Number of protein chains: 2
Amino acid sequence: MLKISKKADYALMALQHIASVQFGDVTPGRVVNTKEIAEEYNIPLELLAKVLQTLAKNGMIDSHNGPKGGYLLARGARQITIAQILESIEGPLGITDCSHEKDGEFCMQREHCNIRTPLLKVQDSIYQLLSSMTLQDMLGGTPLITIQSPTAQGVTR
Amino acid sequence: MLKISKKADYALMALQHIASVQFGDVTPGRVVNTKEIAEEYNIPLELLAKVLQTLAKNGMIDSHNGPKGGYLLARGARQITIAQILESIEGPLGITDCSHEKDGEFCMQREHCNIRTPLLKVQDSIYQLLSSMTLQDMLGGTPLITIQSPTAQGVTR
DNA sequence: TCTTAGTCCGACCTATTTGATCGGAGATCA
DNA sequence: TGATCTCCGATCAAATAGGTCGGACTAAGA
């Protein structure tokens, strides 16, 4: 449960790769094309292409057409958060269906729903976590993220 | 994205309801049956029945057969965590496919996978969050949970 | 003791989502 | 101008989730 999709997985891998090439020591600034990434990580080419297109459309990467074309990060690796990447691919993050209800639409249970508020809290926490982590944090092997979640004992509010 | 299933939603609602009846002021200790919950929250009866059966099988609630039968919490509301409930319904929690790979099986990308480690970290954080929250925290309206996720700046390790 | 209301359990169907594929149009550079 | 890219939409198949059905078993109450 709570799984993220393969597409999102691919997006993360691809961005990590692009970032590491772009800011790496070997060939800094080099443009990376779809095929290279697909072969490196055994990702179906066409699917990866779609993922990269989506990322480009959402301003995560810049695309360059024609031969010797490919992709570059649109911003620095610190300016791209994991939350942004995931939302680019999978749409707005939401634990529950009722997270982003507009206008008149609401779930069948809304009226007597007893879990909406606490779940929205959980959702916020997860969102904050994903927003606090950037592409930069995924470079260089070991990640540095940590979290403290005090049990509900008279905290905040 | 990262949505939890309707079944899990129903499970949370049902447990919250059972807990609030059982420990409430009106009719403490009363047994609650499937129909009552289904009607209260507009949940399809048969589906809810399945959910409750699963919860019973996993030791979250005790079932009582026959007329005047129904369900009771198997433990105190503080002893049941959100993580336990969700896992009862949806199986082990895992952000990525490769979270619980056994033996020889591994994803196509494993070999060069560059995002496994950081994602597992994220997963741990979420799991801790869900484990720190109990059914008790969902009673009484406003939840008290909070979270602190320091950006990756020289933390832990 | 018999009936009835309830749980229990498993098989089943359907709709939605996801993963993956195909084909052509437009851009760029040698 | 042709080869090599990205771009974009349409499409398909498989997996999963949501929801349904029917029957067996159990226990309380008349």
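Treat the numbers as computed from the prediction; the structure is a model and nothing was measured. Side chains are part of it too, since the values below use all heavy atoms of this structure and drop only hydrogens, waters and symmetry mates. Reminder, nothing fancy here: chain letters follow the sequence lines and each chain counts from 1.
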Quickly work out the [X] [atom1] to [N] [atom2] distance and round it to whole Å.
| X | N | atom1 | atom2 | answer |
| --- | --- | --- | --- | --- |
| Lys7(B) | dT16(D) | NZ | P | 12 Å |
| Glu90(A) | dT18(C) | CD | P | 7 Å |
| Gln53(A) | dC22(C) | CD | C1' | 13 Å |
| Leu52(A) | dC8(D) | CG | P | 13 Å |
| Asp9(A) | dG19(C) | CG | P | 9 Å |
| Lys3(A) | dG19(C) | NZ | C1' | 13 Å |
| Lys6(B) | dT14(C) | NZ | P | 19 Å |
| Leu47(B) | dC13(C) | CG | P | 18 Å |

Where the side chain of [X] is concerned, which of [options] is the nearest nucleotide?
| X | options | value |
| --- | --- | --- |
| Asn65(A) | dT4(D), dG26(C), dT21(C) | dG26(C) |
| Tyr71(A) | dT6(D), dC21(D), dG18(D) | dT6(D) |
| Ser5(A) | dT20(D), dT18(C), dA10(D) | dT18(C) |
| Lys50(B) | dA28(D), dA11(C), dA3(D) | dA11(C) |

>> Is there a continuous path of hydrophobic side-chain contacts, each under 4.5 Å between heavy atoms, that joins Ile80(A) to Phe23(A)?
In response: yes
> Under 4.0 angstrom, heavy atoms only, what part of the nucleic acid is Lys68(A) near: base, sugar-phosphate, or nothing?
Replying inline: nothing
>> Between Arg30(A) and Glu36(A) (salt bridge meaning N to carboxylate O under 4.0 Å), is one present in this structure?
In response: yes
>> Judged by each residue's nearest nucleotide on DNA chain D, which is more toward the 5′ side, Ala49(A) or Tyr10(B)?
In response: Ala49(A)
>> Between Tyr41(B) and His17(B), is there a side-chain donor-acceptor contact under 3.5 Å, judged purely by atom types and distance?
In response: yes
>> Assuming nearest nucleotide by heavy-atom distance, tell me which of His64(B) and Gly66(A) is located more 5' along DNA chain C.
In response: His64(B)
> Can you check whether Gln84(B)'s main-chain N or O pairs, donor with acceptor, with Glu87(B)'s side chain at less than 3.5 Å?
Replying inline: no
> Can you find a side chain N or O atom of Thr34(A) that sits less than 4.0 Å from OP1 or OP2 on dT6(D)?
Replying inline: yes
> In Å and rounded to the nearest 0.5 Å, what is the CD1 to CD1 distance from Ile89(A) to Ile4(A)?
Replying inline: 10.5 Å
